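Structure, as structure tokens:
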Protein chains: 2
Amino acid sequence: MIDRLEFLIALASEQHFGRAAEACGVTQPTLSAGIKQLEGMFGVMLVQRGSRFIGLTEEGERALEWARRIVGDARAMRQDMDAMKHGLVGHIRIAAIPTALAMIAMLTTPFRAQHPDVRFTVLSRTSVEALAQLENLEVEAAVSYIDNEPLGRVSVVPLYRERYRLLTSADSEFGQRDHVTWAEVGRIPLCLLTPDMQNRRIIDKLLRASGTEPAPTLQSNSMIVLYAHVRTGRWSTVMPAKLAETLGLTDAVRSVPIVDPEETHTMGLIVPDREPMTAMTSALVKEAKRLAKVLEPSLAAGAESLRPRPIV
Amino acid sequence: MIDRLEFLIALASEQHFGRAAEACGVTQPTLSAGIKQLEGMFGVMLVQRGSRFIGLTEEGERALEWARRIVGDARAMRQDMDAMKHGLVGHIRIAAIPTALAMIAMLTTPFRAQHPDVRFTVLSRTSVEALAQLENLEVEAAVSYIDNEPLGRVSVVPLYRERYRLLTSADSEFGQRDHVTWAEVGRIPLCLLTPDMQNRRIIDKLLRASGTEPAPTLQSNSMIVLYAHVRTGRWSTVMPAKLAETLGLTDAVRSVPIVDPEETHTMGLIVPDREPMTAMTSALVKEAKRLAKVLEPSLAAGAESLRPRPIV
DNA sequence: TGGAGCGATTGAAAATTGCTATCGAAGCTG
DNA sequence: CAGCTTCGATAGCAATTTTCAATCGCTCCA
């Protein structure tokens, strides 16, 4: 039964019977039959039938929600039983947005000190991709904004607030200032993330609110690229303070707080809302809470509350 | 896989391989092998092996939590797909505590008007039994106290507050009063529910707080028994106002508010906290919210809030 | 010490599963 | 529009898995 549900998930994700089958490690007829079995068992069509894959039916979409949940729990159960066997052993995959990548080390390093047999995969993703991967069980956790775009059915641990800095060379127009306004930032040429990144959208919004149309002279989906350009002394960029600290400043590069408005956005660890949590997830959550206490005590205090009872 | 998990649940509930097998509709060797397969798949012992069933291991208990969840979701998925097929058809089982039994009709009647193909089973249970049955997937919903003893992983819809009345004959000591105190109630002979009922424990606590030791002259686990005794004109009892209204008063029986302290306890509909909810559950929740608005507008207002995002 | 109860084991029958090969419909191309 | 490709469905067959009836061995208790 559960393997059929995996077929459905794969089919929805690949939108193609053959590729879905390959992803599941079975042949196409097997996957085809599996879907047909689900349809028979429920007595409803799940996929729109045509000469090729068109899409799921309404019932199929609903079934997909359940399938994701059940398959997710089944995998979590496996992981959890493994953890009961050997202590925490295994693999955590984390999807993080580019501006959060540098701080992941603050999470993974103390975690590994406590659980040496856990391996990590950290993926750079847009916030939308990160949530999608969490949903599709392709990662165990995500680090992204938790106060902006709507999240799905997840639990969050607030980690810190992003405060923005202008990174610019010491001898540039604002290189010696102790703060600049967004309006001023808007006047100089910038390297920024690509617009699929939420950080870029936030910066765009702040620039527009201050009356300038964002027109970066260079954009990339990697912070490394932006930073490398700033290091040449000829470019500027905007990045969160935490990230600027991690990258380290040189004599040539200064980090200038941007004010007016001094807007902040909260970053957090996002994990599937599953009860019981797997031992792995709950260890990660525990570490994240500890980290939050260090990074931003005010946030952490609020997050200490127990899980509220859902009132529907 | 899922059927094996059902084996585990049945085994935990029956504490006996043979009976568990029967409950699952398989033979004992099949169930035995199923459990062994789970153990093999996870690489851990789930049951304490001995000449007879002793209990689950620690890992087994943990696995049981997951199994309940996964099996519950799988059943919910089936129900939900059925509902998508024919509209709302099927069976809702509700466990309610005795003092709430009368108001169930206010939930089921309008529900059935909208969904004529749904059948109901309403079971009278103690609050502890009701929650256990909800947990074991033996009922779809419960109606019980939501502000006293801790609930499990469930969603609640507050319905109304229980306010207590003395039901007594018109010609008895307090028959003409417009209120009595708990201390006064403690002085007269009462028929009360048995102590396994939470309502009884609440009343006991209130009586003790007012300085009398509860010593009912008759106790029963059925409100009907209590009411029948009061109707004879020779007995008194304490019951929630809502229930007293439903049973209807005669000239001979009066309902006197009890004050000092005028304590109230909240009753609510309790359903599994599952996302997505089945069509059935969500229709029931919707009806319960509507009912709450009629019964106790102040409560309903608070309950309108969306499900809070869990912050762990 | 013998019987009853419980769970494990065994071997054979039955059911299910998954594969290869192939088909037919639809879309694309020259 | 013929030929080619892609996609999903179907058929037949081999392998695996599942289930059951029968029975065994252990333990507890009378």
Side-chain angles (χ1 to χ4, degrees), chain A residues 1-61 63-64 67 70-71 74-75 77-78, chain B residues 1-61 63-64 67 70-71 74-75 77-78:
Chain A
M1 166 87 189
I2 288 184
D3 41 357
R4 317 306 151 80
L5 297 180
E6 301 207 41
F7 291 174
L8 182 65
I9 295 174
L11 182 58
S13 133
E14 301 286 349
Q15 302 271 308
H16 186 289
F17 277 73
R19 283 196 299 277
E22 193 181 6
C24 294
V26 297
T27 59
Q28 171 266 318
T30 300
L31 186 129
S32 227
I35 298 291
K36 192 150 292 187
Q37 277 182 7
L38 287 179
E39 292 185 322
M41 150 180 309
F42 296 131
V44 291
M45 284 287 170
L46 297 177
V47 307
Q48 293 176 38
R49 301 300 173 146
S51 71
R52 42 190 62 216
F53 184 85
I54 302 174
L56 297 184
T57 61
E58 193 185 338
E59 290 85 356
E61 291 291 347
L64 179 62
I70 292 170
V71 169
R75 292 196 194 164
M77 179 177 189
R78 264 205 148 77
Chain B
M1 165 90 191
I2 288 185
D3 41 355
R4 315 307 150 82
L5 297 180
E6 301 207 40
F7 291 173
L8 182 64
I9 295 174
L11 181 58
S13 131
E14 301 286 348
Q15 303 270 309
H16 184 290
F17 277 72
R19 283 197 298 278
E22 192 180 7
C24 294
V26 298
T27 59
Q28 171 264 318
T30 300
L31 186 128
S32 229
I35 298 292
K36 192 151 291 184
Q37 277 183 6
L38 287 180
E39 292 185 324
M41 151 180 308
F42 296 131
V44 290
M45 284 287 168
L46 297 177
V47 306
Q48 294 176 39
R49 301 298 173 149
S51 71
R52 42 192 61 219
F53 183 86
I54 302 174
L56 298 183
T57 61
E58 192 185 339
E59 291 85 356
E61 292 291 345
L64 179 62
I70 292 170
V71 169
R75 292 197 195 163
M77 179 178 189
R78 263 205 148 78

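Keep in mind that this is a model prediction, so the values were computed, not measured. Each chain gets a letter, A, B and so on, in the order the sequences are listed, and its residues count up from 1.
Summarising the local packing, CD of A:Q15 is surrounded by more than 12 heavy atoms from other residues, nucleotides or ligands at distances under 6.0 Å. Around atom CD of A:E22, no more than 12 heavy atoms belonging to other residues, nucleotides or ligands sit under 6.0 Å away.
Proximity of B:F7 to B:V26: side-chain heavy atoms (C-beta onward) are separated by under 4.5 Å at one or more points. Contact of the B:M77 side chain with the A:L5 side chain is registered, since non-hydrogen atoms from C-beta on lie closer than 4.5 Å. Contact check for A:L64 versus A:I9: side-chain heavy atoms found under the 4.5 Å cut-off. Under the 4.5 Å side-chain criterion, counting only non-hydrogen atoms from C-beta, B:L8 is not in contact with B:V71.
For the segment residues 10-24 of chain A, residues with any heavy atom less than 4.0 angstrom from an atom of DNA chain D are, sorted by number, A:H16, A:F17, A:G18.
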Per-nucleotide protein contact string for nucleotides 22-30 of chain D (B base, S sugar-phosphate only, - none; heavy atom under 4.0 Å): B----S---
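Of the two residues contacting DNA chain C, namely B:I54 and A:G25, the nearest-nucleotide position lying further toward the 5' end is that of B:I54.
In DNA chain D, runs of at least 3 stacked Watson-Crick or G-U pairs (N1-N3 plus N6-O4 or O6-N4, or N1-O2 plus O6-N3, all under 3.5 Å) give these stems: C:1-30 with D:1-30.
B:E14 places no side-chain N or O within donor-acceptor distance of the main-chain N or O of B:A21, the cut-off being under 3.5 Å.
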Nucleotide N/O to protein N/O under 3.5 Å, stretch nucleotides 12-17 of chain D:
none

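Once you apply a 4.0 Å limit to the heavy atoms of chain B, the touched nucleotides of DNA chain C run 5' to 3' over C:dC6 to C:dT9.
Partners of B:Q28 by side chain to side chain donor-acceptor pair (under 3.5 Å), not counting sequence neighbours: none found.
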